Amino acid sequence: MAPMKSLGSIRRDFAPWSDRDAKPYILFDGVTKQFGEFKAVDDLTLTIYEGEFFALLGASGCGKSTLLRMLAGFEAPSRGNIVIDGEDLAGTPPYRRPVNMMFQSYALFPHMSVEKNVAFGLRQERMPRDQIAERVDQVLRLVKLENYASRRPDQLSGGQRQRVALARSLAKRPKVLLLDEPLGALDKKLREETQFELADLQHQLGTTFIMVTHDQEEAMTMADRIAVMDQGKIVQVATPEEIYEAPNSRFVADFVGNVNVLEAKVLRAEGGRMSLEAAAGFTIETVNAVDASPGQTVFYALRPEKLRISGEPLTGSNVVAGEVWDIAYFGHVTSFRIKLDSGEIMKVAMINATRVSPLQLTWHDRAWLQFDDDAGLVLTR
Amino acid sequence: MAEDVGTRNAAAGSGDPEVLSSRRTRMKFRGRAVIIPPYVWLLAFFLLPFLIVFKISLSEVVVAMPPYRPTFGDPSEWWGALRQLTIDNYLWIASDELYINSYVESLWIAGISTVITLLIAYPLAYGMARAPAGLRPTLLMLVILPFWTSFLIRVYAWIGILKPEGLLNQLLIAIGLIDEPLLIINTHWAIFIGITYSYLPFMTLPIYASLDRMDHSLIEAAADLGCPPLKAFWTITLPLSLPGVVAGCFLVFIPAVGEFVIPDLLGGSRTLMIGKTVWLEFFTNRDWPVASAVAVVLVAILVLPIVIFQRYQARAGG
Amino acid sequence: MNWRLSRFNVVALVFGFSFLYLPILLLVIYSFNASRLVTVWAGFSTVWYRELWNNAGLLDAAWVTLRVGVISAAVATILGTMAALALSRYGRFRGRTLMTGMVFAPLVMPEVITGLSLLLLFVAIDLDRGFLTITLAHITFTMCFVTVVVQSRLLSFDRSLEEAAMDLGATPFVTFFRVTLPLIWPAVAAGWMLAFTLSLDDLVIASFTTGPGATTLPMKIYSQVRLGVTPEINAVCTILIAIVATGVIVATLINKRRDVRRIRDEQMAAGR
């Protein structure tokens, strides 16, 4: 697929992955991890660049945590190499690696104060006492916990514990910070706030962050690039925008955000344009052509918010009719489920730009859906 | 029951506070009736006997049945009987080295045995807690299983092993480590071995529980922050398993102080632990008042560790 | 690093379990010894088991022990469960501290003291000593163990289940028998097993509280052991160990099967 000129990183000045001369900072080279018969990570190759905020996204059991644990040194790869900053890490135990991890459970030592927890790593490298105090003070201020230094972990709220865990893993100034579901244990409101704080912190420090998450929103809001994983393999590595707007497969399209996937047959393909015959019985015209010959079965992926809904009959191409099956009002968005005449259900999201919607549709009304020729993508897998 | 539901509905419907409160009282009363039988039983068979022991410890020994005086048989003579109570038995215990020595010896033997038990139980519990998860229930059952077999049998088994012509000496002589049989039975060592062996599950289980409860990611976090495994054990694992260690030590030490069977069967006549002294005083000398006084003092000695232990458990539990 | 650690673990496990099981194993082996000298192996024989069968005193003692065990464990289980309910359900009541103390003190109280105090009580109230007094004594010291076992189950018990039952109109009585008891049943059964085993095992308290005509098996074994190690005692011990081991293993297997079934059911329910 041709790279889209309009899609890219939010930090437009930061895109080492598209720079041919950029030196990879972390390299997974043909890494496989096998537990008995089960391949948790399967011949995976991946490069991550210095200063990047990188997210490994996937469902539980897809191998993303194993990948992180191999980087931290808790698991050894069955095959392949892991290199950080030019140094092959094979055989280096976790306690000699230049990476630090923020654990999903936070793993705060319950018998030590916040201060002792944060100082723990520094004491292991026999840093002088006054420097330790200074560094601890500095990172605690960074996470706004300077007044809680003498508390014990069980005297802190969930959000505070999360910050202590973050401070502890940052205190040693690691080359790479690994975050295992960093916001998983927080409630929704706190999670949203913390997302931005964490992203800001990363930009401020410039440390390379690698995060594992199953939450697409977390990955989308924080990461520079996302690797979507499935069954031990990487399906796609791209910026959040690309992942959402230009997924390379049905799996990625479906995993990130909502999508309607329509099975279709190629009718014509010429000059970058394509005509498809949807199995649901209507014609799709698209400017996003792919390499497929007439008669081939493909999939057309269409995000719900890229559909327009109308109560009046519409004609032409890229139009399909159906019956209102379900309506859910979310405030900023109203979500419709339209049952097409072929029996398929299409999801449609309508932004409520005005307080009173001009559209007066209710259950079992007839509705027409329309989309632009640039709205969806043709996927071959 | 039908009536109850009726009352409840009426109460809920009308919201009449009086009906509600009377129902609550009734429920409370009926529910709380379960307290009474065990409470009365324990008062009658635990507290009362203990008060009787205390009373008899203040009595004089006589050749009669029961072999002490006064007996508080006739209520009209209680006042006179009360004036006959004496602390002579305690003075007697305090003045006789035999008793003092057996208290000291009991505490000392129990203390050393506790330490030995800890040294064997900790690695065992650690090994169990770090074993593959599928294996752990089996290992746990293997630790508990001997506890279900007779205590007496387990102590008895050691006699055959530790005797001068026993299996241990046979083995050691056969492999040429020693020429003369070791004298183990009827020494303190035999008691240490006996106590350690019998009480090993009591030490192992709480330590295992505290190690098992520990989040393994703490050890990974320590390693991640640059701490080598052995140091991580000392700074993280050991401190976090301390509650289990303390509980185990109490569970071994307290009963070991009053142990009777082990010193009697393995310790020979030269070791005098306080449990055995009570037994001898009671069955051989038939001096019930002195036996009672010895028992009261033993309880007084054990009250402190028992109370500390209970506080500790309550705090750990809450 | 992992390899070395696990080697240490293996050594610790092998050493610990050998220490626990070798003495019992040797005892069992020597019960099949043809020689009367227990420390000299003279070939395999079951002669001591046959001899046992003709030892009327030993069989009588075993019968007494069994009856004491069954009766005292049953009563102790009822009382102990009530005490556990009282302590975990009725938060504060007058005398709770005393009750807690009375429940937990016997757990660590030296047996000689429990035995002595109960005997002195029986003497003071002029109760004839024998089968009854042993049973009473055993109920008293085993019920506390039942309480601890049942209480730990009650503490992890979801109270809202009882509240739901009452909300649906069940009286406290019905709630207990239809909801609470079925759910704590494994702990109650374990409590009974524990009480029964402790009763079978007890020497000291039984020795204090016994009277003429009521000799328990441990007392019989003890009096013979004092005279020296004999193969008959080895044989008795082996039989007891076999019974207990079988019981515990069967109980564990039943539990395990139930767990496996439950997990399978849950998975099916989750997967639908």
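This one's a predicted model, so the numbers in the text were calculated from it and none came from an experiment. First the proteins, then the strands, lettered A, B, ... as listed; each starts at 1.
- Contacts between B:Val299 and chain C at a heavy-atom distance below 4.5 Å involve backbone atoms as well as side-chain atoms.
- Within the 4.5 angstrom heavy-atom criterion, only side-chain atoms of B:Ile161, from C-beta onward, approach chain C.
- Closest heavy-atom contact between B:Ala295 and C:Leu116: CB-CD2, 3.7 Å.
- Note that CE of C:Met99 is 13.0 Å distant from CG of B:Leu47, once rounded to the nearest 0.5 Å.
- For the options B:Ala131, B:Ala157, B:Ala121, B:Ala129, heavy-atom pairs under 4.5 Å to chain C are most numerous at B:Ala157.
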Review point. Given C:Phe104 and B:Phe309, is the ring-ring contact (aromatic ring centres under 6.0 Å, His included) satisfied, shown in steps?
Key: CA-CA 11 Å; C:Phe104 291 100; B:Phe309 177 54; 9.3 Å; no
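- In terms of heavy atoms, B:Ala44 sits closest to C:Leu121 at O-CD2, 3.7 Å.
- With sequence neighbours left out, the ring-ring contact (aromatic ring centres under 6.0 Å, His included) criterion links C:Phe122 to no other residue.
- C:Met82 and B:Val34 make their closest contact through CB-O, 3.5 Å (heavy atoms, listed as atom of the first residue, atom of the second, distance).
- Options C:Val225, C:Val11, C:Val14 differ in how many heavy-atom pairs under 4.5 Å they form with chain B, and the most are formed by C:Val225.
- A heavy-atom distance below 4.5 Å is not found between the side chains of C:Val112 and B:Phe282.
- Counting heavy atoms from C-beta on, the side chains of B:Phe45 and C:Ile139 never come closer than 4.5 Å.
- Proximity to chain B is limited to the side chain of C:Leu26, based on heavy atoms less than 4.5 angstrom apart.
- Chain B forms the most heavy-atom pairs under 4.5 Å with one residue out of C:Pro110, C:Gly101, C:Gly16, and that residue is C:Pro110.
- Using a 4.5 Å cut-off on side-chain heavy atoms (C-beta onward), B:Tyr156 and C:Ile221 make no contact.
- Both the backbone and the side chain of B:Leu43 come within less than 4.5 Å of a heavy atom in chain C.
- The candidate from B:Leu145, B:Leu139, B:Leu48, B:Leu142 with the greatest count of non-hydrogen atom pairs under 4.5 Å with chain C is B:Leu142.
- With a 4.5 angstrom heavy-atom cutoff, C:Met102 touches chain B via backbone and side-chain atoms both.
- In this structure, B:Leu42 and C:Met143 have side chains that are in contact, with non-hydrogen atoms separated by less than 4.5 Å.
- With a 4.5 angstrom heavy-atom cutoff, C:Tyr222 touches chain B via backbone and side-chain atoms both.
- Proximity of C:Met109 to B:Ile254: side-chain heavy atoms (C-beta onward) are nowhere separated by under 4.5 Å.
- Only the side chain of C:Leu119 has a heavy atom closer than 4.5 Å to any heavy atom of chain B.
- Considering all non-hydrogen atoms of both residues, B:Ile153 and C:Cys237 come closest at CG1-SG, 3.4 Å.
- Each of C:Ser117, C:Pro106, C:Cys144, C:Ala105 has some count of heavy-atom pairs under 4.5 Å with chain B, and the biggest count is that of C:Ser117.
- With chain B as partner, the option from C:Asp126, C:Ile241, C:Ile233 having the largest number of non-hydrogen pairs under 4.5 angstrom is C:Ile233.
- Contacts of C:Thr197 with chain B are made by side-chain atoms alone, with heavy-atom separations under 4.5 Å and no backbone atom involved.
- For B:Leu152, the parts lying near chain C are the backbone and the side chain together; criterion is any non-hydrogen pair under 4.5 Å.
- For B:Leu265, the part lying under 4.5 angstrom from a heavy atom of chain C is the side chain only.
- Contacts between C:Leu136 and chain B at a heavy-atom distance below 4.5 Å involve backbone atoms as well as side-chain atoms.
- Aromatic pair C:Phe141/B:Phe46: centroids not less than 6.0 angstrom apart.
- When all heavy atoms of C:Ile24 and B:Pro146 are compared, the closest pair comes out as CD1-CB, 4.3 Å.
- Atoms CG and CG, from B:Leu167 and C:Leu22 in turn, are 10.5 Å apart once rounded to the nearest 0.5 Å.
- Residue B:Val294: no heavy atom, backbone or side chain, is found under 4.5 Å from chain C.
- If you measure heavy-atom distances from C:Met193 to chain B, the contacts under 4.5 Å come from both the backbone and the side chain.
- Residue B:Phe54 does not touch chain C at all, counting heavy-atom pairs closer than 4.5 Å.
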Scan the side chains in residues 273-280 of chain B for donor-acceptor partners under 3.5 Å anywhere in the protein, sequence neighbours excluded, and list what turns up.
from	atom 1	to	atom 2	distance (Å)
B:Lys276	NZ	B:Gly268	O	2.8
B:Lys276	NZ	B:Thr271	O	3.4
B:Thr277	OG1	B:Ser102	OG	3.3
B:Thr277	OG1	B:Met273	O	3.1

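- C:Ala12 and B:Leu124 make their closest contact through O-CD1, 4.0 Å (heavy atoms, listed as atom of the first residue, atom of the second, distance).
- Interface residue B:Ser292: backbone and side-chain heavy atoms are both found under 4.5 Å from chain C.
- Of all the listed residues (C:Leu85, C:Val204, C:Leu203, C:Leu240), the one sharing the greatest number of non-hydrogen pairs under 4.5 Å with chain B is C:Val204.
- Ring geometry for B:Tyr126 against C:Phe8 counts as perpendicular: the plane angle is over 60°, on a 0 to 90° scale with 30° as the lower cut.
- For C:Thr114, no part lies near chain B; criterion is any non-hydrogen pair under 4.5 Å.
- Heavy atoms closer than 4.5 Å to chain C are found in both the backbone and the side chain of B:Phe151.
- Side-chain contact check for C:Ile249 versus B:Met141: some heavy-atom pair is nearer than 4.5 Å.
- If you measure heavy-atom distances from B:Phe260 to chain C, the contacts under 4.5 Å come from the side chain alone.
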